[in-house]
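Down below is the structure, laid out as structure tokens.
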Amino acid sequence: MESIVLPGEQVPAQHVNLKLGPGLLQLSSETQQQAKSAPVIATRSGVLNHSVNKSKWWVEGNSRRYVPAPQESVIGVITGRSGEGWRVDIGSAHPASLDGLAFEGATKRNKPSLKVGSLLYARVSLAHKDMEPELECFDAQTHKADGFGELKDGFVLQCSLQMSRLLLDPKHFLLPLLGSRFALEAAVGMNGKVWVSSKETKHTIAIARCIEAVDPDGGGMDETHVKKFLSKLDI
Amino acid sequence: MRPPSPSIPEKKFLYDALKQSLRLDGRDMLDLRTPTFTFGPELGWVECAMGKTRVIAQLDAKMVKPLPERPFEGIITIHSEISPMASPDYEPGRPSEEEVTLTRMLDKVLRRSDAIDKESLCILAGQRVWQLRLTVHVLADAGNILDCSCLAGIVAFKHFRKPDVEVIGDEVTVVRIEMILLPKLTFFEQHSPSERAPISLAIHHTPFCVTFAFFPDVLTRPVVDPSLLEQRLSAGLVSIAMNAQREICVLHKAGGVPTAPEEVLRLINIASILVKDLDKRVEARLLEDWEGRKVEVR
């Protein structure tokens with residue numbers, strides 16, 4: 001059963017151990033007892049989904065504007081220095097801040113050398129409603145880079161937020177299909193930015209064009225068409 | 001908020017790709033994105049799309065008193081606006097640099113090129129003339145909004161029909177002003193003989209604008225119809241407005257890289273081929289649309 005919700009609409013989400021995903025908000029109430037039955041409303045438009053036992057609820061939609069949420073991996077561009085860290089543009093309403101020490105092996109003396117315009121793969125560590133989002137380029141527990149850090153070479157392209165979620169889905173056909181044709185590296189940010197890199201320029205261009213063609217916001221091409229499209233490209 | 005300039009990897013990749021004569025959207029260096037036109041129910045309403053760049057142009061006419069110094073000429077005004085809807089780069093309020101350039105170029109290409117015969121817009125000398133008002137809205141900016149806007153504007157002029165008027169003594173009668181245009185509709189039988197179909201504007205020639213982007217690397221050839229990233233990373237733009245008869249209306253190069261005269265001549269030759277193609281496409285599309293509608297007179 002699929003139901004479409006609009007912002008402000010009440011959602012029949014109730015569970016002892018309720019977990020709300022993106023696009024949902026539980027209205028605050030004063031007492032503890034009321035809190036359990038406080039109504040849940042949608043904050044975005046999209047398709048309402050829930051897990052099998054109805055404990056997890058979320059709204060799945062497509063948009064182009066990114067609203068940061070903690071633990072999401074994003075791709076950003078450094079726009080300037082601020083004190084000990086950097087300001088990073090991740091496509092949200094406000095620039096994010098990245099501490100100079102939030103890297104693997106970074107100390108006060110030994111900070112990574114990043115320039116204005118450098119591309120970063122980072123994780124949102126803090127995303128409060130009324131504050132600037134904060135990023136980190138390492139796992140706070142293990143202090144390992146975990147794949148995050150500066151992205152060198154390659155190319156970054158913009159896609160819709162739904163497309164970036166599709167690319168992160170291990171069952172989605174596109175990246176395995178492209179990977180079977182040529183060696184490629186990719187980093188998918190939840191903010192609708194995808195970094196791709198391969199040995200040859202024309203391969204990178206082909207990847208970028210395929211992602212754009214599959215994007216539900218653009219072409220919405222399916223697997224068979226992408227295969228045809230790829231065979232037509234001179235690669 | 002001004003967006004940050006493209007990141008270092010983007011810059012490097014684009015320049016590298018262009019050195020190998022590859023463009024990010026798979027086009028050749030001298031390929032235009034194919035423009036598509038969507039016409040509205042009204043005559044003079046057109047949406048022009050080049051790739052993801054989309055522009056709406058709308059033309060309307062009203063009767064006004066002519067300017068005292070030009071009693072025999074109609075008035076053409078062009079309004080253009082780039083709202084934040086086109087791209088978050090643009091802010092409402094104070095016109096941005098791009099907006100000023102766009103407005104000026106539209107004025108030069110469409111109005112000052114004398115493409116539209118202004119004297120034929122005169123109804124009664126010194127008393128009544130038609131004022132044509134072209135409104136250009138940029139819906140989405142994916143690079144080269146200038147060419148797309150000029151194209152939408154000129155197509156709107158060609159698509160428009162003005163109501164016929166009759167002058168008896170000092171009285172001006174609009175023979176019919178209500179234009180109901182429906183696709184595939186037969187003529188109404190019972191129209192009085194004094195009512196006539198609206199007439200198209202007198203257009204001398206159709207200028208089209210073609211923009212080339214130059215890059216800082218001298219060995220990289222200029223590209224035509226730059227995408228947003230190409231436009232941002234370009235060192236300079238050259239816009240050439242010309243008609244299918246190879247007459248140059250505007251050549252615009254504001255700053256940027258130094259360019260040899262031979263290079264400019266080469267670009268003009270390329271532009272003339274592209275413009276001929278555009279002209280054919282526009283004419284075919286206008287004809288197709290006109291065949292699809294019948295003017296109902298009532």
Side-chain angles (χ1 to χ4, degrees), chain A residues 64-66 75-80 86-96 114-121 150-160 185 187 193 195-198 200-213 215 217-219 229-230 232-235, chain B residues 1-29 31 33-34 36 49-54 83-92 139-143 215-217 219-221 223 225-233:
Chain A
R64 297 192 139 253
R65 182 164 162 270
Y66 177 65
I75 291 175
V77 184
I78 294 190
T79 55
W86 287 280
R87 300 172 76 73
V88 185
D89 174 66
I90 55 170
S92 57
H94 303 283
L114 295 171
K115 282 180 283 195
V116 169
S118 295
L119 210 58
L120 278 174
Y121 190 45
E150 190 184 353
L151 299 170
K152 283 177 184 153
D153 299 328
F155 181 65
V156 73
L157 62 121
Q158 286 272 350
C159 61
S160 67
E185 273 185 284
K193 282 189 175 153
W195 173 83
V196 284
S197 175
S198 64
E200 291 208 35
T201 311
K202 56 184 176 185
H203 289 173
T204 310
I205 293 177
I207 299 166
R209 289 185 67 192
C210 284
I211 292 175
E212 231 156 70
D215 195 331
D217 208 33
F229 182 61
L230 265 176
K232 263 196 282 175
L233 294 177
D234 172 38
I235 42 175
Chain B
M1 184 187 83
R2 279 317 293 177
S5 57
S7 63
I8 297 167
E10 278 175 284
K11 216 184 263 181
K12 197 165 160 285
F13 183 80
L14 185 96
Y15 290 156
D16 277 357
L18 286 172
K19 256 182 215 153
Q20 302 173 34
S21 300
L22 292 169
R23 287 177 83 177
L24 299 181
D25 41 14
R27 279 185 287 159
D28 265 353
M29 303 292 264
D31 263 0
R33 289 171 288 182
T34 318
T36 52
M50 289 168 87
K52 282 190 174 159
T53 301
R54 292 201 298 148
S83 68
M85 177 167 59
S87 151
D89 310 2
Y90 303 114
E91 282 172 63
L139 297 187
D141 179 10
F215 294 93
D217 183 54
L219 294 171
T220 310
R221 309 299 284 171
V223 299
D225 186 19
S227 69
L228 194 57
L229 192 63
E230 286 166 347
Q231 201 172 343
R232 280 229 190 111
L233 291 173

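Chain letters run A, B, ... following the sequence lines, proteins first and then strands; every chain starts at 1.
- The parts of E10(B) that come within reach of chain A are both its backbone and its side chain, each placing non-hydrogen atoms under 4.5 angstrom from that chain.
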Next on the checklist: For K52(B) and E212(A): C-alpha separation, side-chain torsions, deciding distance, then whether side chain to side chain contact (heavy atoms under 4.5 Å, CB included) applies.
Outcome noted: CA-CA 11 Å; K52(B) 282 190 174 159; E212(A) 231 156 70; 4.3 Å; yes
Checklist entry - Could you walk me through whether T204(A) and F13(B) pass the side chain to side chain contact (heavy atoms under 4.5 Å, CB included) check? => result CA-CA 9 Å; T204(A) 310; F13(B) 183 80; 3.5 Å; yes
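- For L229(B), the part sitting under 4.5 Å from any heavy atom of chain A is the side chain, from C-beta outward, and nothing else.
- With a 4.5 angstrom heavy-atom cutoff, L157(A) does not touch chain B via any of its atoms.
- Residue-environment remark: CZ (R54(B)) stays at or below the threshold of 12 foreign heavy atoms within 6.0 Å.
- Rounding to the nearest 0.5 Å places CZ of F155(A) at 8.5 Å from OG of S7(B).
- With sequence neighbours excluded, the residues forming a ring pair (Phe, Tyr, Trp, His ring centres under 6.0 Å) with Y121(A) are F148(A), listed by chain and number.
- Across all their heavy atoms, L24(B) and I205(A) have their closest contact at O-CG2, 3.5 Å.
- Under the side chain to side chain donor-acceptor pair (under 3.5 Å) criterion, R27(B) pairs with D25(B), D225(B), sequence neighbours left out.
- The minimum heavy-atom distance between G117(A) and P9(B), with the atom names listed, is O-CD, 4.0 Å.
- Summarising the geometry, atom CD1 belonging to I8(B) is positioned 7.0 Å from atom CD belonging to E150(A); distances are rounded to the nearest 0.5 Å.
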